Amino acid sequence: KIKEIMMKIPNIIDPSVPIGENDNYNVEIEKFGENKVPDYEIPYHADILERMNGLDKESSGRTSGNGFYYLLGDGARLSTAMLNYARDYMIEKGFIYAIPPFMIKSDVVTGVMSFEEMDAMMYKIEGENLYLIGTSEHSMIGKFKNQIIKEESLPITMTSYSPCFRKEVGAHGIEERGIYRVHQFEKQEMIVICDPKDSMDWYNKMWKYTVEIFRNLNIPVRTLECCSGDLADLKVKSCDVEAWSPRQQKYFEVGSCSTLGDAQARRLGIRVKGKDKYYPHTLNNTVLASTRALIAFLENNLTEDGYIKIPEVLRPYMGGKEKIKLNLKYGHNLKALIMNNKSLAVLACILLLGIFLGSLSVGAMKTTVINKIGVLFLDNFKNRSSEPLFFIFISSLSSVFIFVLLAFFMGLSVWGFIMVPFVPLVRGICIGFTQSYLYSQYGLYGIAFQLVVLFPGIFVSSIAILLITKEA
């Protein structure tokens, strides 16, 4: 009974922890990297993944329900690459790499977390005294349950990989479309077991490791000191590492670093034998959680022309790739469309220029088929004084209409790009009809006059293209 009551008593917080009711009272410590907002649109992360054929939520919904996902192709490779980079980074820092059990007994669960956390997070295996881990910290600290550690073995520094399983019970709930808050993800974790007098030094080292990893991935981050109301019962002091989201123009949590004092050691019976026996301090920190790190990576490494840049540290894990091309689809802007189809764009420009110059020669030479058709057609209107203005208006209006139509299709679909060679052809015919008549009546002055009047139509249509494709 005494132990049951004792397990419900929270830990004593560090005097430096700010006092506050909830996470609204958390205090920013420091920013790392410039939180830029690009002048082009950053799509929702699920859209980015789908455009690289890297995410399938529909299939996971059929197999597992809401809160699960399939990562595919380069989406899966990126996730694994970041985890592998984080693993190797921690090994270089002297941490021992481990792959722990992904299920733990109930006495280990209650030894590493409060009952409240346990109910909100852990999945219990039916008919077994086992729980799926919510983070590998649980099984890594549990590794030393009821053990007496020699003082000379301290500090114990380990980094571990595991899938993580969480109920995510609470106000936030599970995300329908994306992968920000899900039931399953992968994580690289770090734990330290040390002499109590060294725990704050390790605490400050550990969160800096995470910051450096994210900065090496070209992701701006900041650290937040968690206030008293945002600390779990066993934590003495904790800070969150948050990544910058250029899409949302705010930071979001990607990791948490905590020192739990001797609370876990007392619960699990972990002791150190030196001159006297004592309880060591335990600390844990998220090195990198796959899904949230992937979101931050995609948003901060997306280029205007539709590529995902791969930082140098990840390239060895991506087969040497320097960038990933996104597929064009509904809603993509015109500029990215052209940038990703440069050969087609050049061809279209050549055709546009060629047909436009050809249309100029129609009126001047009076030898082409278009000119002859135009003269025959326009003979019916020779006695009308308003003919020049009438045909200038028709030609300009046609040009505006066709270019706006083109912009509409190009802004919505790649197939609209196929229209590019045909638009100047139609426009050239319109100009040809008008010019053939103007030349027959007014010579070269008539053609010049027609072009001057047509220019505002071209200008207006260009503005329409910019507005429709949201590039203005």
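Computed from a predicted structure; not experimentally measured.
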Side chains of Tyr89 and Gln188, donor plus acceptor under 3.5 Å: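 Looking only at side-chain atoms, Gln188 and Tyr89 do not form any donor-acceptor pair under 3.5 Å.
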
Go through the steps for Gln264 and Thr282 under the test side chain to side chain donor-acceptor pair (under 3.5 Å), then give the verdict. CA-CA 7 Å; Gln264 289 180 330; Thr282 61; 2.7 Å; yes

From Asp262 atom CG to His281 atom NE2, the distance as rounded to the nearest 0.5 Å: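 The NE2 atom of His281 is 5.0 Å from CG of Asp262, to the nearest 0.5 Å.
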
For the atom pair CG (Asp88) and OH (Tyr317), what is the distance rounded to the nearest 0.5 Å?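 Here the interatomic distance stands at 3.5 Å.
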
Carboxylate-amine/guanidinium contact Asp195 Lys197, below 4.0 Å: yes

Donor-acceptor check, side chain of Ser238 to backbone of Leu231, threshold 3.5 angstrom: yes or no?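 No: the side chain of Ser238 does not pair with the backbone of Leu231.
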
Does any N or O in the side chain of Ser290 come within less than 3.5 Å of the main-chain N or O of Leu83, such that one atom is a donor and the other an acceptor?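 No; judged by distance alone, with no hydrogens or angles, the pair does not exist.
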
Among Arg247, Lys250, Arg292, which residue meets the salt bridge (charged side-chain N to carboxylate O under 4.0 Å, His left out) test with Glu299? Arg247

Who are the side chain to side chain donor-acceptor pair (under 3.5 Å) partners of Tyr85, not counting sequence neighbours? Asn216

Could you check whether the rings of Phe68 and His183 sit parallel, tilted or perpendicular, using 30° and 60° as the cut-offs?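 Plane angle between 30° and 60°, so tilted.
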
Glu58: what forms a salt bridge (charged side-chain N to carboxylate O under 4.0 Å, His left out) with it, not counting sequence neighbours?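 Applying salt bridge (charged side-chain N to carboxylate O under 4.0 Å, His left out) to Glu58 gives Arg62.
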
For the pair Glu189 and Lys187, evaluate salt bridge (Lys or Arg N to Asp or Glu O under 4.0 Å) and give the outcome as yes or no after the intermediate values. CA-CA 6 Å; Glu189 182 77 13; Lys187 187 157 69 117; 2.6 Å; yes

